[in-house]
Amino acid sequence: MKIYMLFGMLPDEDNEEIYLQSKGNIQNAADTLQKKYLQGFIEQPIVSKISVINLPYIGSYPKFYKKLLYQTLIKKRQIGKLEVRNINFLNLIFFKNISRFFKPLIVSLFLLFNDKSSEEKLYITYAMHLPFLLTVYILSKVFPSVHFYVIVPDLPEYMAERKGLKNQLYTMFAKVSYFIVNRMDGIVVITEAMKDKFSPSPKKVLIEGIASANDFDSLDVNTITAQPSPKFLLYAGTLDKRYGVVDLVDAFNEIEIQDIYLYIC
């Protein structure tokens, strides 16, 4: 089995530059989750090769990023069966999304047309990011034998606070996004309720979170189990009002139950 991935990870070699150039929040939670998925697929013996087309999720120039162009230090690297292509793109607001549509489309067409193997092929996209979804929608029409899947960590209608004409525009974009995802072979969601947002046709799997074995290497299990376990709620996402963290804190303050904690990581 071969797996193609259209992801938005932060390349390790570009981390320092991205932190220096970013003006707003950095997508650390999304970066961590994507890399966990990638590691999970690498560990599967059935997978012979993984090709990642990567355009990191960063803020747009000029409001949220200091540079007009995103340029990676290392365009291509290969480790064992993993091959990662980091793609440069124009980061100017609005035009950024056009660039993030055409560039991965061209790279993906090149890779898939040149893949003459008879192995089963999967193409996995991270998030309901419209430029990526438009890319996979076209690819699904060109390569009907490839199985297309979308990992859905967030629903587009809940990802920002918008008003007026901007809200109407993004509502239209959300409808297009749902149209495309509902025509994919499968969807990965992180809550049970998210399944109801999509049509019955795509296969769905619920994966609430991911941890690898080395995440537990530094934990002292005896110490953890010896202490009483408190009741708690955990938020482990981006600290940004548009993702609802303020609503979560406000709602938690209304809880009358004693000895329950809210952990924000």
Do V52 and M9 touch side chain to side chain, with heavy atoms closer than 4.5 Å?
-> yes

Using the six-membered ring wherever Trp is involved, compare the ring planes of Y170 and F173 and label them parallel, tilted or perpendicular (cut-offs 30° and 60°).
-> perpendicular

Single-linkage hydrophobic cluster, 4.5 Å side-chain cutoff, F64 and Y70 together | no

So do the side chains of Y4 and D115 get within less than 4.5 Å of each other, counting heavy atoms only?
-> yes

Please say whether more than 12 non-hydrogen atoms of neighbouring residues, nucleotides or ligands are located less than 6.0 Å from NZ in K23.
-> yes

Identify the residue among E43, K36, K35, Q39 that makes a side chain to side chain donor-acceptor pair (under 3.5 Å) with S212.
-> K36

Do the two ring centres, one from F198 and one from Y178, sit under 6.0 Å apart?
-> yes

dist N54:CG -> F7:CZ (nearest 0.5 Å) comes out at 9.0 Å

Beyond-backbone contact of T125 with Y149, side-chain heavy atoms, under 4.5 angstrom | no

S60 side chain vs I93 backbone, donor-acceptor pair below 3.5 Å = no

Once you round to the nearest 0.5 Å, how far does NZ of K96 lie from CG of L69?
-> 12.5 Å

Quick one: does N91's side chain have a donor or acceptor within less than 3.5 Å of a partner on G59's backbone?
-> yes

Within a strict 4.5 Å, meaning less than it, do heavy atoms of the Y126 and L33 side chains meet?
-> yes

Is there a donor-acceptor contact under 3.5 Å linking the side chains of E13 and N86?
-> yes

Distance, nearest 0.5 Å, that separates NZ of K103 from OG of S108 | 13.5 Å

Mind checking whether L55 and Y19 sit in one hydrophobic cluster, side chains of I, L, V, M, F, W, Y counted as touching below 4.5 Å?
-> yes

Pair S51-K2, side chain to side chain donor-acceptor pair (under 3.5 Å): steps then yes or no | CA-CA 8 Å; S51 295; K2 288 187 176 180; over 6 Å; no

Would the number of heavy atoms belonging to other residues, nucleotides or ligands and lying under 6.0 Å from NZ of K204 be above 12?
-> yes

Please answer: with hydrophobic residues joined when any side-chain heavy atoms are less than 4.5 Å apart, are F110 and I3 in the same cluster?
-> yes

Any link between L68 and I18 through a network of hydrophobic side chains (Ile, Leu, Val, Met, Phe, Trp, Tyr) touching at under 4.5 Å?
-> yes

Is the backbone of G80 close enough, under 3.5 Å, to the side chain of K49 for a donor and an acceptor to pair up by distance?
-> no

All heavy atoms of F252 vs all of I260, minimum pair found to be CZ-O, 3.4 Å

Inter-residue atom distance K75.NZ - N88.CG, 0.5 Å rounding = 5.0 Å

State whether a side-chain donor-acceptor pair under 3.5 Å links Y57 with D31.
-> no

L206 and I190 have their tightest heavy-atom pair at CD1-C, 3.3 Å

Counting distance only, does the side-chain N/O of S22 pair as donor-acceptor with the main-chain N or O of G24 below 3.5 Å?
-> no

Between the CD1 atom in I151 and the CE atom in M5, the distance rounded to the nearest 0.5 Å is 6.5 Å

Evaluate the side-chain proximity of L122 to V146: yes if any heavy-atom separation is below 4.5 Å, no if none is.
-> no

Are E17 and L73 close enough that some pair of their side-chain heavy atoms sits under 4.5 Å apart?
-> no

Tell me yes or no: between the side chains of S48 and E119, is some donor less than 3.5 Å from an acceptor?
-> yes

Given side chains that start at C-beta, do those of I53 and L111 come closer than 4.5 Å, heavy atoms only?
-> yes

For the residue pair V107 and R85, establish whether any side-chain heavy-atom pair is separated by less than 4.5 Å.
-> yes

Is it possible for you to say whether I26 and Y235 belong to one hydrophobic cluster, with membership spreading through side-chain heavy-atom contacts below 4.5 Å?
-> no

Check whether the ring centres of F113 and F143 lie less than 6.0 Å apart, and answer yes or no.
-> yes

Should E83 and K76 be marked as a salt bridge (charged side-chain N to carboxylate O under 4.0 Å, His left out) after you check the CA-CA gap, both sets of side-chain angles, and the distance that decides it?
-> CA-CA 7 Å; E83 182 180 76; K76 182 180 177 182; 3.6 Å; yes

Look up atom OG1 in T135 and atom NE2 in H129, then write down how far apart they are to the nearest 0.5 Å.
-> 8.5 Å

Between R100 (side chain) and P56 (backbone), is there a donor-acceptor pair under 3.5 Å?
-> yes

